[in-house]
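Working notes, beginning with the structure itself.
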2 protein chains.
Amino acid sequence: MSKVTIKDVAREAGVSISTVSNALNNVDVLNPETKSHVLNVAKRLNYVPNLNGKQLKTGKTKMLGFFTTSVSGPYFYTLVESMARECDRLGYGLNVFVTRDKGVIMSNILGRRVDGVIIYEELRIDNEDVIMMMKEKIKAVFLDRFLENETMGSVIFDSFVAGYEATKYLISLGHKKIAYISGVDTMFDSVQRKEGYLAALREHQLLVDDDYVLQGYFEEEGAYNAIKSFLHMHPDKLPDAFLAGNDLSAIGCIRALKSHGFDVPSDISVVGFDDIDIAQYFTPPLTTVRNQIARQGVLAIDHLVRMIQKKEQGKKQKLAGELIVRGSSQVKIQRNDPGQE
Amino acid sequence: MSKVTIKDVAREAGVSISTVSNALNNVDVLNPETKSHVLNVAKRLNYVPNLNGKQLKTGKTKMLGFFTTSVSGPYFYTLVESMARECDRLGYGLNVFVTRDKGVIMSNILGRRVDGVIIYEELRIDNEDVIMMMKEKIKAVFLDRFLENETMGSVIFDSFVAGYEATKYLISLGHKKIAYISGVDTMFDSVQRKEGYLAALREHQLLVDDDYVLQGYFEEEGAYNAIKSFLHMHPDKLPDAFLAGNDLSAIGCIRALKSHGFDVPSDISVVGFDDIDIAQYFTPPLTTVRNQIARQGVLAIDHLVRMIQKKEQGKKQKLAGELIVRGSSQVKIQRNDPGQE
DNA sequence: TATGATTATAAAAACGTTTTTATAAAAGGA
DNA sequence: TCCTTTTATAAAAACGTTTTTATAATCATA
C-alpha cells in the first residue's frame, strides 16, 4: 500500500485534506503561499496520489482499453504501437487485453476499468453486448468492423475496393487465372477483399473457380502450406497470379512458389494487402495495397478520446487503400512452351 | 457511470449490501437460498461491480503493468503476446505503457494502478527510483537488465555467453575476420553480446578491429545501411562473417550483402540472435542463437504473480541461448582468387 | 461601525466496494 | 426454562480521493 496519503500530507502541512487536494489539482482558490507550502510538503513526503481513490471519486480512469485476440505480427504491432503512443501523447494509458473471454471483456468494460474501448473486430462482440454497452453509455470504437450502430465509432479499411482494385490491376497486366488466398471467414477484411476480387473477376468475365480460393489464415505459414498443397493437388491449374489476403500470406506464398522453382514475378505475380513494414524489404519487394495501419490506430484513439472528452457522437471512418506497385508483380509473359518447370 | 450499484441490488433483493457483497464473492456464510436469490437479482439487473470501488477497498487491481519504449518488431510482439496471454490465464490484465516519461511511469506504479510491474531495461529506471520502489514495496520484474537489487526480480537472456558461443562457432567454421553489428550501447543485450564476441576473438588470438564493429541499432534498416556504408568505405576489408546483434540486423545485413552481389553463406556467413519467428523462413534460413522470448515473458509474469500472491522474494533468472544452425552460415571456402566480386 | 460580500480554509459528504462489528433469531445444553 | 452458542443478516466503518457545503476571517460599502 502506498503509505503516504493525502491525509499525511495534510497533517504534515497543517492544513485540511481539501486544501491539499486543491493545491495538487491546482484549483485556483488557494493563497499562493499555502499552495506552494503544501506542494513542498507533498514532494518531501514523496506523495503520489492513489489512483483508485481518485478514479472512484471522479469516475474517470484516464485509461483506454484495447481488446483483441492477438498482438502478434506486423499488423498488430504497428497498430498497438501507434495506439499506445497516441494514448501517451493524450495523457491516457492503454490497457491491452488479449483474450476471447467475454466475461473478462465485459467486466472490464462495464466495470469502468477504462474510460473507453477499442475493439478489434475478430472478437465479434454480439449484438446483445453492444446494446448493453450502449445503454451503459460506453464509449467504443470498433476496428475493422462495420457497425450499424449509431452511437459507436468505427475505423475501417475499405477492403472491398482494395480487393477490387488489386484484382483489376492484375487483370490489366494480362493475368487471367488469378487465385485468392483468403484469411478466416470471420474476418471482415478477408471477406471484403475476396468480395472485391470476385467482383472484379466477374466484371471482366473471368473465370471464378472455387479451386482458386485458398485458405491461408492471414499467416505466412498458412499461406505457405496452402500453396504447397495446391501445387500438389492441381499441378495443371497453375494460376497466372496470386492475390494474397494480406502481405504475410503474400510472403508465404512467394516462399512456397520459390521452393517449387517458380520465379516471382516472371513466372507468377503476387500481390498482397497492408504494406506492412517489411513489405518493401522483402525479395522481391511486394506489390501491395497500402493500409495505413498506424493511421488507423491514431484515428481510433483520437476519435475515442473526443467521444469521451467532447461527447462527440460515434462516427464511421473508412480509409481508402493505395496500390503500391513493387517487384512482386509484372506483365504476363506469354510463353511459347506452356509447360514451364 | 455504471448505473446499477451494489446498493440497487441490495434494495431490489431486499437485503443489505453486505449480504450482496457476500453473495457475489461467495463468502460461505449465507443461507443458500438468500445467496441464489441475490445472485438472480444481480443478474437480472445486469449488475457489474465497479472495479474502482473494489480496488480502492481491497488494494488490489488484478492488473500488471508493462513499461517499455516500444512494442514493435518480432522481439516485442512475441514478448507482449506471451505476457498478455499468461496474464489472462492467471486472471490478470496487462497494462502496456509505451513511454519514456518518468512521471507517467512512476505515477502509475506508485499510484497503485497495477499490482506489479514488468520493466523493459531500456527505460533505465535510475537507482533513486528503484530505491523508492523498494521502499514502497512495489513488486517488479526487470527484463534484460542485471539488477543488483535483492528484492526485485529479473529475467535475462545470457547474452554474453550467446555472443561468445556464436563467435566460437564462426571461428570453428574457419572464419577469421568476423564483424559485429551492434545495437545501441544502452542496451544490455547488445553490449553483452559484443563482450562475448570480443572475448572469443581474444581467446583465439584473432583480430579485434574497431572497423569491424558496426552500428545497426538492432533494426533491419539500421543494419542494412551500416553494411552498405561499410562496404563503401572499406571495400578491401570484407569480413569472412558477420555476427549480427539480433536477427533483424542479420536480415538487414544479408539483404545488403545480396544487393552487392555477395552470396550468403557461400561468400560470407551471417549469424544472428533471438531466433525470431521469421528467422527460419528467411532466405537463407538464419543461423542464430535462440532466445526463448515467449518463455521469458511467461517466466516474468509467473514470477511477478508469485511475488504478489505468495510474497515470493524477487530472484534472478538467466536463460541460456541455444545455437540453431541453419542456412546462413557455412565453412569458410578458401578461394584461390582472394579478390572475389 | 455594522452589514454584506469576498476570500481562504476546514469539515463533511460522497464515490462503490469489502470487511469488521453488531444484532437478532434459532438452536443446543443443563 | 434460561443461558450460551451458533447462524444469518444488517449496520457501520473504512479504503483515498474530490467536491460540496460550512465556517471564519478579511474586506468593501454605506
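Per chain, numbering begins at 1; letters A, B, ... match sequence-line order.
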Fill in the blank from the handout: Each nucleotide of nucleotides 17-24 of chain C classed B (base within 4.0 Å of a protein heavy atom), S (only sugar-phosphate) or -, in 5' to 3' order, makes BBB-----
Practice task
Give the rounded distance in Å between these two atoms: CZ of A/R11 and C1' of D/dG16.
Solution key: 14 Å
Exercise for the section: Please determine, by modelled atom types, if B/Y75 and B/D144 share a side-chain donor-acceptor pair under 3.5 angstrom. Expected result: yes
Exercise for the section: Return the residues of residues 32-46 of chain A meeting this criterion: a heavy atom under 4.0 Å from some atom of DNA chain C. Order them by number, or give none. Expected result: A/T34
Practice task
Using atom CG of A/D28 as one end and atom P of C/dT7 as the other, report the distance to the nearest whole Å.
Solution key: 12 Å
Problem - Pair B/D88 + B/R85, salt bridge at N-O below 4.0 Å - result: no
Handout entry: Closest non-hydrogen atom pair, B/V98 against A/A84
Key = CG2-CB, 3.5 Å
Exercise for the section: Decide, yes or no, whether a salt bridge links B/E136 with B/R112 under the criterion of side-chain N to carboxylate O below 4.0 Å. Expected result: yes
Handout entry: Euclidean distance, atom CG of residue A/N31 to atom C1' of D/dT26 [Å, nearest integer]
Key = 12 Å
Problem - Donor-acceptor pair between A/T61 and A/Q55 side chains, under 3.5 angstrom - result: no
Exercise for the section: Determine whether B/N95 and A/R113 make a side-chain contact, defined as any pair of heavy atoms from C-beta on separated by less than 4.5 Å. Expected result: no
Handout entry: Separation of D/dG16 P from B/R113 CZ (nearest whole Å)
Key = 17 Å
Completion exercise
Applying ring pair (Phe, Tyr, Trp, His ring centres under 6.0 Å) to A/Y77 and not counting sequence neighbours gives B/Y77
Handout entry: Rounded distance (Å) that lies between atom C1' of D/dC15 and atom CG of A/L56
Key = 9 Å
Handout entry: Minimum side-chain heavy-atom gap B/K139-B/V305 below 4.5 Å
Key = no
